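Have a look at the structure below, then the notes.
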Amino acid sequence: MDRAVYGHIEKLLRDYPKTDKLIKDKQESIMYPFYERDDNVGGGKRNTPSNRTETMIITIADDKYIQNLKAVKSIIDDCLARCDNDTVRIINELYFKSHSPETITSLSIKLHTSRTSISRKRTAVFEAIQLQLGW
């Protein structure tokens, strides 16, 4: 696996616990945008539909950032659902806990298993995520 892809998947796993909040924040920024005061009095007429609710719903549904976050969340959920309990615990300890001091070595001592076994399980999860992302 390429180092850049590995780093990107690591970042996706670290951001996974915050995904719902990121989606909610983006939706709220679309629903309640900041409008700068326009000093231009008069002006012309807009060519966009005037129904703000329809425009907002379409914008939220079409937003690439929200779609991407939902897709990544779904992929990680699916990969973790197919893993055994030890693998889920490994991923949870290494990536889902904020500021986790755990390393593969300390985790191997904690779980009473070999460092190689933990590394293989982590790599299997990364490869499954990579395959589902289409990389």
Side-chain angles (χ1 to χ4, degrees):
M1 180 181 304
D2 187 25
R3 186 154 179 80
V5 172
Y6 182 86
H8 190 75
I9 292 174
E10 234 180 358
K11 173 84 169 103
L12 292 176
L13 286 171
R14 290 192 197 284
D15 289 344
Y16 176 79
K18 300 177 271 187
T19 303
D20 289 329
K21 184 179 180 331
L22 292 172
I23 291 171
K24 183 180 173 228
D25 289 347
K26 181 64 175 177
Q27 287 174 340
E28 285 180 359
S29 73
I30 292 171
M31 289 171 31
Y32 309 108
F34 172 74
Y35 291 113
E36 200 169 314
R37 185 169 181 269
D38 188 12
D39 294 334
N40 183 15
V41 179
K45 190 175 179 182
R46 295 186 327 171
N47 291 333
T48 58
S50 61
N51 190 344
R52 177 151 159 60
T53 306
E54 288 178 7
T55 306
M56 178 186 56
I57 291 171
I58 291 170
T59 304
I60 289 173
D62 288 344
D63 191 75
K64 292 286 186 188
Y65 181 73
I66 293 173
Q67 288 177 358
N68 189 24
L69 285 175
K70 286 180 179 179
V72 168
K73 183 174 180 1
S74 172
I75 288 169
I76 293 174
D77 284 339
D78 185 46
C79 287
L80 292 177
R82 287 189 272 133
C83 293
D84 62 340
N85 290 337
D86 287 340
T87 306
V88 171
R89 186 166 178 202
I90 290 166
I91 297 298
N92 187 27
E93 292 287 333
L94 290 174
Y95 300 108
F96 294 167
K97 290 186 177 178
S98 61
H99 308 295
S100 176
E102 296 292 341
T103 62
I104 292 180
T105 306
S106 66
L107 203 55
S108 68
I109 295 168
K110 188 177 184 180
L111 297 176
H112 306 292
T113 186
S114 70
R115 186 180 188 285
T116 309
S117 174
I118 290 175
S119 183
R120 277 192 207 122
K121 289 180 180 188
R122 180 182 64 173
T123 303
V125 170
F126 276 44
E127 288 174 352
I129 291 172
Q130 178 186 10
L131 184 67
Q132 286 197 13
L133 285 173
W135 296 343

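Side chains are part of it too, since the values below use all heavy atoms of this structure and drop only hydrogens, waters and symmetry mates. Here the structure is a predicted model, which is why all the values come from computation and not from measurement.
Salt-bridge annotation for Lys24 and Asp20: absent, with no side-chain N of the basic residue lying under 4.0 Å from a carboxylate O of the acidic one.
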Next item on the list: Quick one: do Ile66 and Lys70 satisfy side-chain contact (heavy atoms from CB on, under 4.5 Å)? Show the steps, please.
Entry: CA-CA 6 Å; Ile66 293 173; Lys70 286 180 179 179; 3.7 Å; yes

Note to self: If you apply the rule side-chain contact (heavy atoms from CB on, under 4.5 Å), what do you find for Glu93 with Leu111, and how did you get there?
What the structure shows: CA-CA 11 Å; Glu93 292 287 333; Leu111 297 176; over 6 Å; no

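Every residue meeting the side chain to side chain contact (heavy atoms under 4.5 Å, CB included) condition with Asp84, not counting sequence neighbours, appears here in chain and number order: Asp86, Thr87, Lys121. Take Lys21 and apply the salt bridge (charged side-chain N to carboxylate O under 4.0 Å, His left out) test, not counting sequence neighbours, and it matches Asp25. A search for salt bridge (charged side-chain N to carboxylate O under 4.0 Å, His left out) contacts involving Glu102 returns Lys110, not counting sequence neighbours. In this view, Asp2 and Ala4, Val5 satisfy the side chain to side chain contact (heavy atoms under 4.5 Å, CB included) rule, not counting sequence neighbours. A search for salt bridge (charged side-chain N to carboxylate O under 4.0 Å, His left out) contacts involving Arg89 returns nothing, not counting sequence neighbours. Residues satisfying the side chain to side chain contact (heavy atoms under 4.5 Å, CB included) criterion with Leu131, sequence neighbours excluded, are absent altogether. Residues passing the side chain to side chain donor-acceptor pair (under 3.5 Å) test with Lys26: none are found, sequence neighbours excluded. A search for side chain to side chain donor-acceptor pair (under 3.5 Å) contacts involving Arg14 returns nothing, not counting sequence neighbours. Considering only residues two or more places apart in sequence or on other chains, Gln67 meets the side chain to side chain contact (heavy atoms under 4.5 Å, CB included) condition with Lys64. Taking the side chain to side chain donor-acceptor pair (under 3.5 Å) definition, one finds that Thr105 meets it with Arg115, sequence neighbours left out.
Looking only at side-chain heavy atoms (C-beta outward), Asp15 and Lys18 come within less than 4.5 Å of each other. Using a 4.5 Å cut-off on side-chain heavy atoms (C-beta onward), Leu12 and His8 make contact. Annotation: side chain of Leu13 is in contact with side chain of Ile129 (closest heavy-atom distance under 4.5 Å). In this structure, Thr19 and Val72 have side chains that are not in contact, with every pair of non-hydrogen atoms separated by 4.5 Å or more.
Here CD1 of Ile23 is found 7.0 Å from NZ of Lys73. Values are rounded to the nearest 0.5 Å. From Ile91, atom CD1 reaches atom CD1 of Ile76 across 9.5 Å, with rounding to the nearest 0.5 Å. Going from atom CD of Glu127 over to atom CZ of Arg120 covers 12.5 Å, rounded to the nearest 0.5 Å. Rounded to the nearest 0.5 angstrom, Ile90 CD1 and Ile118 CD1 are separated by 4.5 Å.
The environment of Arg82 atom CZ is dense: over 12 non-hydrogen atoms of other residues, nucleotides or ligands sit within 6.0 angstrom.
Within the structure, the ring-ring contact (aromatic ring centres under 6.0 Å, His included) test picks out no pair touching residues 63-86 (sequence neighbours left out). For the ring-ring contact (aromatic ring centres under 6.0 Å, His included) condition, the pairs that include at least one residue of residues 75-96, sequence neighbours left out, are Tyr16-Phe96, Tyr95-Phe126.
A side-chain donor-acceptor contact under 3.5 Å links Ser106 to the backbone of Thr103.
Considering all non-hydrogen atoms of both residues, Val88 and Cys83 come closest at CG2-CB, 4.0 Å.
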